[in-house]
Asker: 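Pasting a structure here, questions to come.
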Amino acid sequence: MEISTTYNPKEFEERIYKEWEEKGYFKANPNPDKVPFTVVIPPPNITGQLHMGHALNDSIQDSIIRFKRMQGYETLWLPGTDHASIATEVKIVDAMKAEGLTKESVGREEFLKRAWAWKEKYGGRIVEQLKKLGSSCDWSRLAFTMDENLNKAVKEVFVNLYEKGLIYQGKRIINWCPVCKTALSDAEVDYTEEASGLWHIKYQVKGEDKYVIVATTRPETMLGDVAVAVNPKDKRYQDLLGKTLILPIVNREIPLVADDYVELDFGTGAVKITPAHDPNDFEVGLRHNLPVIKVMNDDGTMNEDAGKYAGLDRFECRKVLVDDLKEMGLLEKVEAYNHNVGHCYRCSTIVEPLISKQWFVKMEPLAKPAIDVVKKKSVKFTPERFTKIYYNWMTNIKDWCISRQLWWGHRIPAYYCEDCGEVMVSKQDVKVCTKCNSTKIHQDEDVLDTWFSSALWPFSTLGYPDNTEDLKYFYPTDLLVTAYDIIFFWVARMIFSGLEHTGRIPFKDVLIHGLVRDAQGRKMSKSLGNGIDPLEIIDEYGADTLRYALLNGIAPGSDTRFSKDKIEGCRNYINKIWNASRFVLLNCEGKKIKDVSELKLNFTDKWIISRLNQTVKKVTLDMEKYEIGLACGELQEFFWNDFCDWYIELSKPYLYGDDEEKKTHVLSVLIYVLKNTLKLLHPYIPFITEEIYQHIPGVEGSIMVSEYPRYNAKLSYRKESEDCRYIMSVITAIRQIRADTGCAPSKKVDLYVVTEKKRLLERASIYVEKLANIQKLNFIQSKAELNQKTVSVVLDKTELYVPLGELVDFDKEIQRLNLELEKVESEIARANGKLANQGFLAKAPKSLVDSEREKLNKYLDMRKKITKNIKELQG
RNA sequence: GGGAGUUUAGCUCAGCUGGGAGAGCGUCUGCCUUACAAGCAGGAUGUCAUAGGUUCGAGCCCUAUAAUUCCCACCA
């Protein structure tokens with residue numbers, strides 16, 4: 001097949017992906033002859049569309065997976081999706097709203113039917129999008145958090161924890177979303193600072209004409225007040241302690257209690273106590289044996305205990321109640337006050353802390369070992385600083401509220417006997433009460449927090465609770481790649497779950513990456529409308545360009561900016577790869593290619609091979625440290641600057657010449673370097689590298705299963721590399737003269753050289769002549785032989801003279817040389833300064849001192865020659 | 001309130017265990033040189049946030065300060 005004359009990713013990306021899939025390259029199986037390398041994908045929500053965050057996350061994983069696969073590991077990248085309990089349910093409820101339906105009106109069974117239908121319809125969408133990106137997941141293992149076997153794992157884990165006393169049911173203050181009508185875990189609440197008020201309300205002391213003023217941000221909750229608390233040391237209230245207050249409006253008699261929890265210097269020093277609606281108040285209530293009066297319904301309206309406000313929405317109630325207080329003269333004042341208000345992370349409604357009976361996971365015993373494995377570095381975070389965030393969270397962790405008043409999710413395997421009230425937790429459906437034999441049994445209505453099943457992902461997807469071959473071979477997994485915003489939700493919970501249920505860590509490494517921001521550094525968001533759709537980028541530029549734009553230059557843990565400019569720069573680079581490869585391949589037509597081991601390599605060949613070899617070393621090391629951004633940069637520099645700008649140019653004199661043997665020689669090196677570079681590039685830009693690779697003469701099979709290049713210490717070629725760099729410096733110097741003197745690039749000129757490196761320059765004359773457009777390279781003993789004014793440049797051990805005749809403005813040339821001289825002078829001053837420093841001579845390493853001396857001599861010599869050249873021009 | 005990060009060229013960011021400040025984009029000059037103008041060649045551009053300290057030597061280590069971003073907690 002011909003290789004296309006222009007880079008057009010649409011011509012091959014889809015075709016190549018299909019080939020990979022058909023050949024089964026993505027599949028992994030337990031193989032005792034190989035070392036496994038396992039990554040489980042952070043499962044995207046079934047409601048999700050591929051966004052830049054996924055694109056980044058999956059590009060990172062795919063590049064590492066491909067790298068390891070080529071290195072010979074049995075590589076498993078296990079894909080899947082998350083049922084996303086609350087997010088999905090919100091969407092389905094919304095969709096039903098359009099039909100005029102509600103959850104309640106259709107009932108649980110019908111609702112779940114709709115949810116599964118939704119999953120069938122949209123759940124696969126993101127999978128297709130991941131494929132477009134080039135993700136080399138083992139799709140035969142595609143998992144879903146509500147698959148039967150994952151449900152089995154969930155039940156197993158729930159029952160185990162329950163039996164160990166680590167899951168319990170309790171009435172406690174939780175975060176309640178009145179719109180989603182469910183409890184939320186602490187992690188599911190987002191706080192934002194909002195301008196609000198601090199209402200000061202007067203509570204009368206019973207039978208006296210005295211008042212205690214309390215300050216509150218949520219006046220409507222006063223309807224549930226059962227006490228007022230002050231600090232026991234507070235002098236202002238000493239004489240009132242133990243007295244009774246009259247709760248305004250409700251006219252309930254409530255005690256004034258003393259509790260250390262109250263701060264002396266905030267507000268008025270008196271705090272209204274509402275145990276049903278505030279976590280701290282709840283604790284105070286327990287300490288003082290106070291009743292609990294809940295005044296709100298699940299939908300955020302006031303209940304019958306709110307008296308005349310019953311039925312009002314909580315914020316409406318606030319307004320009315322404050323007005324009433326004002327009228328009664330019981331509102332002392334309202335201060336402007338900013339405070340943090342919690343919002344539901346799915347629907348943004350203000351959450352209401354309220355008392356509710358829920359299921360909790362007892363965290364303390366689980367957190368301890370999870371902290372230890374990170375301390376011991378059995379689980380390693382990259383970058384390391386994220387361990388601090390992890391410790392901080394783990395050590396201050398509160399019990400995890402896991403029940404949700406939703407329908408879409410893993411139903412809690414708890415059963416209640418309606419006759420005797422027995423609670424039974426079981427993996428199997430319970431039909432008969434184990435205590436009283438009653439058959440009036442019903443299952444708990446609630447489902448589990450989505451993250452409860454996500455926490456099991458690394459082992460539930462491999463067969464847990466059964467001890468399968470997969471689990472034995474691929475678990476613990478090797479690497480988890482995720483953004484930092486999900487450490488608490490997911491990473492932490494996987495670690496303690498893995499330890500508790502499998503007795504092992506779930507993964508060895510955690511690579512944390514940042515968020516993708518827009519060109520101005522803002523978070524991409526729907527509301528700002530500044531998001532860029534990765535699918536559009538793929539459509540316009542191809543998946544390779546998208547991947548490269550995301551990967552090039554990223555650093556672990558740091559956010560990255562994404563812009564059209566960046567995309568175009570990356571496209572240009574990939575286009576460069578395309579064209580350079582095309583150049584090499586076109587020249588190969590009808591030519592014999594040899595293995596480089598059969599060639600007698602010259603210094604330019606050895607230079608590029610050693611540069612390739614160095615690049616292999618650096619890129620491999622970078623990848624092992626998950627420094628993908630550095631690896632990309634390293635490779636780009638090598639490919640563009642060294643291979644394209646120099647080696648390909650150096651090959652042209654032979655490619656355009658008549659010597660067939662030389663052509664074969666240079667083509668063989670070109671092919672060798674190209675082939676290996678493509679392999680190095682493949683993890684990041686898999687499609688184009690595959691497309692080109694398949695066109696390389698003599699190549700069989702796919703690049704994605706080819707062997708990754710290995711560093712070889714024998715290929716260093718220091719001497720030849722130095723020679724090559726010297727020749728390059730000569731060429732650059734001549735180009736510089738031409739640019740400085742306005743000598744047209746098309747104009748051929750003569751070059752006269754005084755040098756101590758004559759033999760090397762003779763061998764290299766073909767390169768110098770071609771790359772600097774020199775008519776003829778002439779060697780002379782000294783400038784005097786030329787007997788005319790010329791432009792000149794002085795290099796180490798070499799002087800170059802270009803007679804430009806009348807073209808030259810000699811005043812300008814003198815100026816130019818003076819500039820050169822200045823540079824050399826400053827170098828001399830620098831070296832002299834160092835060498836004059838006794839401390840430096842005494843304490844710096846000898847090699848450093850020696851090299852400073854060497855440099856000084858070099859520059860002194862150059863100064864002499866430049867000065868001479870200036871004098872001659874002046875004279 | 002606690003913690004973490006960032007501060008280097010006009011912009012976005014690299015700079016490994018301290019030993020001559022880098023890249024990409026932008027910009028300037030000259031080039032349609034038989035792979036590529038999505039390109040080639042050559043250039044310009046920096047009190048490495050500030051102030052101290054350690055050191056023969058600091059962008060890098062230490063201490064303070066400032067600006068900025070984020071995370072956690074939350075006092076009614």
Side-chain angles (χ1 to χ4, degrees), chain A residues 5-7 186 191 198-199 214-218 221 228-229 261-263 265-274 278-281 284 337 339-340 342 383 385-386 388-389 391-393 396 484-485 487-488 514-515 519 521 552-555 557-561 563 565-566 568-587 618 621-622 625 627 629-630 633 636-637 641 644-645 648-649 652 655-656 731-732 735-740 742-746 770-773 827 830-831 834 837-845 847-849 851-852 855:
Chain A
T5 49
T6 51
Y7 167 58
D186 295 338
Y191 288 91
L198 191 58
W199 283 267
V214 301
T216 179
T217 52
R218 293 192 296 154
T221 62
V228 169
Y261 147 70
V262 182
E263 302 274 330
D265 47 8
F266 185 88
T268 61
V271 185
K272 60 192 270 310
I273 300 299
T274 325
D278 183 280
N280 291 309
D281 292 8
V284 175
Y337 184 67
H339 75 139
N340 283 329
R385 68 183 137 92
F386 285 100
K388 286 183 195 161
I389 293 174
Y391 294 142
N392 190 35
W393 192 74
N396 297 314
Y484 54 69
D485 58 352
I487 293 176
F488 307 133
L515 309 178
N552 184 29
I554 53 164
S558 304
D559 291 349
T560 175
R561 294 191 193 207
S563 64
D565 282 354
K566 203 176 203 171
E568 298 209 332
C570 293
R571 189 266 320 264
N572 293 354
Y573 171 50
I574 290 171
N575 184 56
K576 183 80 181 176
I577 295 172
W578 183 264
N579 276 303
S581 304
R582 199 162 60 88
F583 173 79
V584 174
L585 294 179
L586 285 175
N587 277 288
K618 281 190 195 158
L621 282 174
D622 285 339
K625 289 186 285 185
E627 287 280 6
L630 293 181
Q636 179 167 333
E637 183 176 322
N641 300 346
C644 294
D645 291 346
I648 286 184
E649 293 305 318
K652 282 180 179 172
L655 290 179
Y656 296 155
I731 291 165
T732 301
R735 287 170 172 171
Q736 222 174 87
I737 291 181
R738 301 183 72 122
D740 285 350
C743 170
S746 53
K770 171 78 183 163
L771 271 63
N773 205 15
E827 292 294 347
R830 197 191 56 80
K834 282 212 161 182
N837 182 336
Q838 287 307 313
F840 178 74
L841 294 178
K843 296 197 176 173
S847 60
L848 197 71
V849 178
S851 91
E852 279 307 323
K855 281 184 223 163

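Note that the coordinates shown come from a computational prediction; the quantities given were computed from them, not determined experimentally. Proteins come first, then strands; the chains are lettered A, B, ... in the order of their sequence lines, and each starts at number 1.
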Asker: Sugar-phosphate atoms are those with a prime plus P, OP1 and OP2; base atoms are the rest. Using that split, label each nucleotide of nucleotides 33-41 of chain B B, S or - for protein heavy atoms under 4.0 Å, 5' to 3'.
Answerer: --BB-BSSS
Asker: Polar atoms only, N or O, under 3.5 Å: list the protein pairs with nucleotides 53-58 of chain B and their distances.
Answerer:
from, atom 1, to, atom 2, distance (Å)
B:rC56, OP1, A:K843, NZ, 2.1
B:rC56, O2', A:N837, OD1, 3.4
B:rC56, O2', A:N837, ND2, 2.5

Asker: To the nearest Å, give me how far apart CZ (A:R561) and P (B:rC70) are.
Answerer: 12 Å
Asker: Taking CG from A:D559 and C1' from B:rU12, how many angstroms apart are they, rounded to a whole number?
Answerer: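 Value for this atom pair: 13 Å.
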Asker: Categorize A:Y391 for me: base, sugar-phosphate, or nothing, with a 4.0 angstrom heavy-atom threshold over every strand shown.
Answerer: nothing
Asker: If the C1' atom of B:rG18 is compared with that of B:rC61, how far apart are they to the nearest Å?
Answerer: 8 Å
Asker: Do A:K566 and A:N552 have side-chain heavy atoms sitting under 4.5 Å apart?
Answerer: no
Asker: Round to the nearest Å and state the distance from A:Q636 atom CD to B:rC13 atom C1'.
Answerer: 14 Å
Asker: Looking at the side chain of A:F488, which of B:rC75, B:rC71, B:rA4 is the nearest nucleotide?
Answerer: B:rC71
Asker: If you assign A:D278 and A:G553 each to the RNA chain B nucleotide with the nearest heavy atom, which residue ends up on the more 5' nucleotide?
Answerer: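 The residue closer to the strand's 5' end, by nearest nucleotide, is A:G553.
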Asker: Applying salt bridge (Lys or Arg N to Asp or Glu O under 4.0 Å), name anything that partners A:E568, two or more places apart in sequence or on another chain.
Answerer: none
Asker: So what does A:N280 hit on the nucleic acid, given a heavy-atom distance under 4.0 Å: a base, only sugar-phosphate, or nothing?
Answerer: sugar-phosphate
Asker: Expressed as a whole number of angstroms, how long is the span from A:N392:CG to B:rG1:P?
Answerer: 17 Å
Asker: How is A:G342 classified with respect to the nucleic acid when contacts are heavy atoms under 4.0 Å: base, sugar-phosphate, or nothing?
Answerer: nothing
Asker: Roughly how many Å apart are B:rU45 and B:rG22, using the C1' atom of each and rounding to a whole number?
Answerer: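 That atom pair is separated by 13 Å.
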Asker: Mind calculating the distance between CG (A:D740) and C1' (B:rU29) to the nearest angstrom?
Answerer: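 In whole Å, B:rU29 C1' lies 10 Å from A:D740 CG.
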Asker: Just checking A:V214: base, sugar-phosphate only, or nothing, at a heavy-atom cut-off of under 4.0 Å?
Answerer: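 No contact.
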Asker: Rounded to whole angstrom, note down the C1' distance from B:rG53 over to B:rC70.
Answerer: 30 Å
Asker: B:rG3 and B:rU50: how far apart are their P atoms, nearest whole angstrom?
Answerer: 26 Å
Asker: Consider the side chain of A:Y191, meaning its heavy atoms from C-beta on, and name the nucleotide among B:rA76, B:rG15, B:rC74 that approaches it most closely.
Answerer: B:rC74
Asker: Suppose we screen for side-chain contact (heavy atoms from CB on, under 4.5 Å). Which residues come up paired with A:I389, at least two apart in sequence or across chains?
Answerer: A:F386, A:F488
Asker: Residues two or more places apart in sequence or in another chain: which of them pass side-chain contact (heavy atoms from CB on, under 4.5 Å) with A:N572?
Answerer: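 Not a single residue meets the side-chain contact (heavy atoms from CB on, under 4.5 Å) criterion with A:N572.
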Asker: Calculate the interatomic distance between A:K388 atom NZ and B:rA73 atom P; express it in whole Å.
Answerer: 19 Å
Asker: Do A:V214 and A:V271 make a side-chain contact, defined as non-hydrogen atoms from C-beta onward lying under 4.5 Å apart?
Answerer: no
Asker: Using a distance-only test with no angle check, is there a side-chain donor-acceptor pair under 3.5 angstrom linking A:Y484 and A:D559?
Answerer: yes
Asker: Can you name the side-chain hydrogen bond (donor to acceptor under 3.5 Å, both in side chains) partners of A:E637, sequence neighbours left out?
Answerer: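 Once residues adjacent in sequence are excluded, A:E637 has no partner under the side-chain hydrogen bond (donor to acceptor under 3.5 Å, both in side chains) criterion.
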Asker: Applying salt bridge (Lys or Arg N to Asp or Glu O under 4.0 Å), name anything that partners A:K576, two or more places apart in sequence or on another chain.
Answerer: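 With neighbours one apart ignored, the set is empty.
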Asker: Please state how far atom CG in A:N641 lies from atom C1' in B:rA23, giving the value in whole angstrom units.
Answerer: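 Value for this atom pair: 9 Å.
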Asker: How far does the P atom of B:rU68 sit from the matching atom of B:rU8, given to the nearest Å?
Answerer: 15 Å
Asker: Using a heavy-atom cut-off of under 4.0 Å over every strand shown, decide if A:A842 touches base, sugar-phosphate, or nothing.
Answerer: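 No contact.
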Asker: Heavy atoms only: give me the nearest A:L198-A:A215 pair and the separation to one decimal.
Answerer: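 Smallest interatomic distance, heavy atoms only, reads CG-CB, 3.9 Å.
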Asker: Can you tell me how far P in B:rU7 sits from the matching atom in B:rG42, rounded to whole Å?
Answerer: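 So the two P atoms sit 31 Å from each other.
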Asker: Counting runs of three or more consecutive pairs, Watson-Crick or G-U wobble, with each distance below 3.5 Å, where are the stems of RNA chain B?
Answerer: B:1-7 with B:66-72, B:10-13 with B:22-25, B:27-31 with B:39-43, B:49-53 with B:61-65
Asker: Could you pull out all residues at least two apart from A:Y656 that satisfy side-chain contact (heavy atoms from CB on, under 4.5 Å)?
Answerer: A:F583, A:K652, A:K770
Asker: Going by salt bridge (Lys or Arg N to Asp or Glu O under 4.0 Å), name the residues that satisfy it together with A:R830, two or more places apart in sequence or in a different chain.
Answerer: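 By the salt bridge (Lys or Arg N to Asp or Glu O under 4.0 Å) rule, A:R830 matches A:E827, A:E852.
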Asker: With sequence neighbours excluded, tell me which residues meet salt bridge (Lys or Arg N to Asp or Glu O under 4.0 Å) with A:D622.
Answerer: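 Applying salt bridge (Lys or Arg N to Asp or Glu O under 4.0 Å) to A:D622 gives none.
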Asker: So A:K855, base contact, sugar-phosphate only, or nothing? Heavy-atom distance under 4.0 Å.
Answerer: base
Asker: What integer distance in Å separates A:I574:CD1 from B:rG24:P?
Answerer: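 About 17 Å, once rounded to whole Å.
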Asker: NA contact type, A:R385, heavy-atom cut-off 4.0 Å: base, sugar-phosphate, or nothing?
Answerer: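 Answer is sugar-phosphate: A:R385 comes under 4.0 Å of backbone atoms only.
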Asker: Checking A:Y261 now: which residues fulfil side-chain contact (heavy atoms from CB on, under 4.5 Å) with it, not counting sequence neighbours?
Answerer: A:D259, A:N280, A:D281, A:V284, A:R287
